[in-house]
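So the structure is just underneath, and the comments pick up after that.
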There are 2 protein chains.
Amino acid sequence: MNPDTVPARKQNKRREKEVAILQAAEKVFAEEGFGGATMQLIADAAQLPKANVHYYFSTKEELYRQVVSNIFDVWLQAAGSFEESDGPAEGIGAYIDAKMEISRTRPAGSKVWASEVMHGAPIIQDYLETTLVEWTNSRIQAIDAWIAAGLMDPISPRHLLYMIWATTQHYADFGHQIQTLNRNTPLSESEWNAAKESVKKIILKGIGVSP
Amino acid sequence: MNPDTVPARKQNKRREKEVAILQAAEKVFAEEGFGGATMQLIADAAQLPKANVHYYFSTKEELYRQVVSNIFDVWLQAAGSFEESDGPAEGIGAYIDAKMEISRTRPAGSKVWASEVMHGAPIIQDYLETTLVEWTNSRIQAIDAWIAAGLMDPISPRHLLYMIWATTQHYADFGHQIQTLNRNTPLSESEWNAAKESVKKIILKGIGVSP
DNA sequence: TCTTTTTCTGACCATATGGTCAAGACTATG
DNA sequence: CATAGTCTTGACCATATGGTCAGAAAAAGA
């Protein structure tokens, strides 16, 4: 038997447990905020004794840091769908789709991210200043190129990005409000699609891109 | 002398002190979240002993409730600028202006509101279900009337409203991120104006309204 | 099977926090 | 000036929370 097999399996098992805790933590942090979340609540959500959670993540900050870090990875993944090789209709359309999909499937993550930024990004400030700044600048260049090529109106790329972020994340962060305004019912599959199409339609037309 | 004068003056003094505490609380709640905010932090921000804060607001919840309630009033005030008597260019344009102005002048309030909604609106759920639902439905009717009159494209009024809320509030709630992307500098007067114009331009064009 | 390493957990501790209280200070009024 | 009502505040308390730890249990390895 390969001597690496057993250790690998063990590593996997450890990783699985960490992931379970991280999922529980993401949910609790989203619902209660960092200050309101307690290790006991997280442990209960993960169906583990509190001390066991501390075995995998020594401190609350450490756990929170990893939750936020995971969200950032998801964010980066969606960022990849913004391909500058295609035109603005495909690039921006796909990006909006991807971000709306994240809001639908990972609302808790989006809320944790929003909370972190709202409180001054104490944990991920370095990511903001490096990765986010670079990504944003590179996308601004891409949009400017589209503008120069006459593929869209000469709007401010920066504020366009803010609008996309704001609108797409709103469906996660303010999901409770949206549900209240939707006869206290979660958005159905078709309502989600309508939301997606509305957002894309208004923004794309707003920047002078025809589908 | 009017017998009401002295009591009134006293009432004013009490009110002034309450307002000072409410302002301090709004700031602290915005920065720390409900769970992270402590009565001591709020007392320090208001430059009062903690026990004195408790004299005016018996519990943390009570204080928070009033802070959130104040924000809702500000929100309603901005909502008034959405006049259906004018056309969409004026009505929606003025509404965006008003909301952007709130984001600029009361960012802490906006953050508290966002935080409250993100955590399921435990305090102001009744406002959402009554006032907000009514206001939203009435605006949807107004927009539908504009659409019927051929003054704008047949978009979903509901999702248009969400987009306006999301985008305008983003400049307050994610102000830290925006500042980081703005060479770590707060938006200047002219940058705020550029933001306003960008938002109005894209949204109004996006719904087929010419200025 | 015996030993070693990793995982698990109840009990415990130090600290921070929301809230109380009683006594003092201040203010208006008769 | 005396009295009554309002405001102020340091000291205090009960509780909740993040985190520790010793030892049990389980798994891996020899």
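Note on naming: letters A, B, ... go to the chains in the order of the sequence lines (proteins, then strands), and numbering restarts at 1 for each one. Below, all heavy atoms of this structure are taken into account, side chains as well, without hydrogens, waters or symmetry copies. All of these numbers come straight from a predicted model, not from anything done at the bench.
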Nucleotide D/dC12, atom C1' - distance to NZ of B/Lys50 in whole Å: 10 Å
For atom CD of B/Gln47 and atom C1' of D/dT9, their distance in whole Å: 16 Å
Rounded distance in Å - CG (A/Asn52) to P (D/dA25): 16 Å
Touch class at under 4.0 angstrom, heavy-atom based, for A/Tyr56 against every strand present: sugar-phosphate
Length of the CZ-P vector between A/Arg65 and D/dG18, whole Å: 17 Å
Residue A/His54, side-chain heavy atoms: nucleotide from D/dT8, C/dC8, D/dG18 that is nearest: D/dG18
Interatomic distance, A/Phe57 CZ vs C/dT7 C1' [rounded to whole Å]: 15 Å
Closest to the B/Arg14 side chain, choosing from D/dC7, D/dG19, C/dG18: D/dC7
Nucleotide C/dC8, atom P - distance to NZ of A/Lys13 in whole Å: 8 Å
salt_bridge(A/Arg106, A/Glu26) N-O dist < 4.0 Å: yes
Residue A/Tyr55, side-chain heavy atoms: nucleotide from C/dC8, D/dT17, D/dG19 that is nearest: C/dC8
Test applied, side-chain contact (heavy atoms from CB on, under 4.5 Å); reference residue, A/Ile202; option that passes from B/Ile202, B/Leu204, B/Ile155: B/Ile155
Sugar-phosphate only, base, or nothing, as touched by A/Lys17 at under 4.0 Å among non-hydrogen atoms: sugar-phosphate
Pair A/Glu18 + A/Arg14, salt bridge at N-O below 4.0 Å: yes
Partners passing salt bridge (charged side-chain N to carboxylate O under 4.0 Å, His left out) against B/Lys200 (at least two apart in sequence or in another chain): B/Asp97, B/Glu197
B/Met39 CE to D/dC12 P, straight-line distance once rounded to whole Å: 21 Å
Integer-rounded Å distance: C/dG18 P and B/Glu62 CD: 15 Å
Residue whose closest nucleotide on DNA chain D lies nearer the 5' end, A/Ala51 versus A/Gly35: A/Gly35
Pairing of A/Glu191 and A/Arg183 as salt bridge, 4.0 angstrom limit: yes
Sugar-phosphate, base or nothing in reach of B/Ala43, heavy atoms under 4.0 Å: nothing
Of the listed nucleotides D/dG18, D/dT9, C/dG19, the one nearest the side chain of A/Lys60: D/dG18
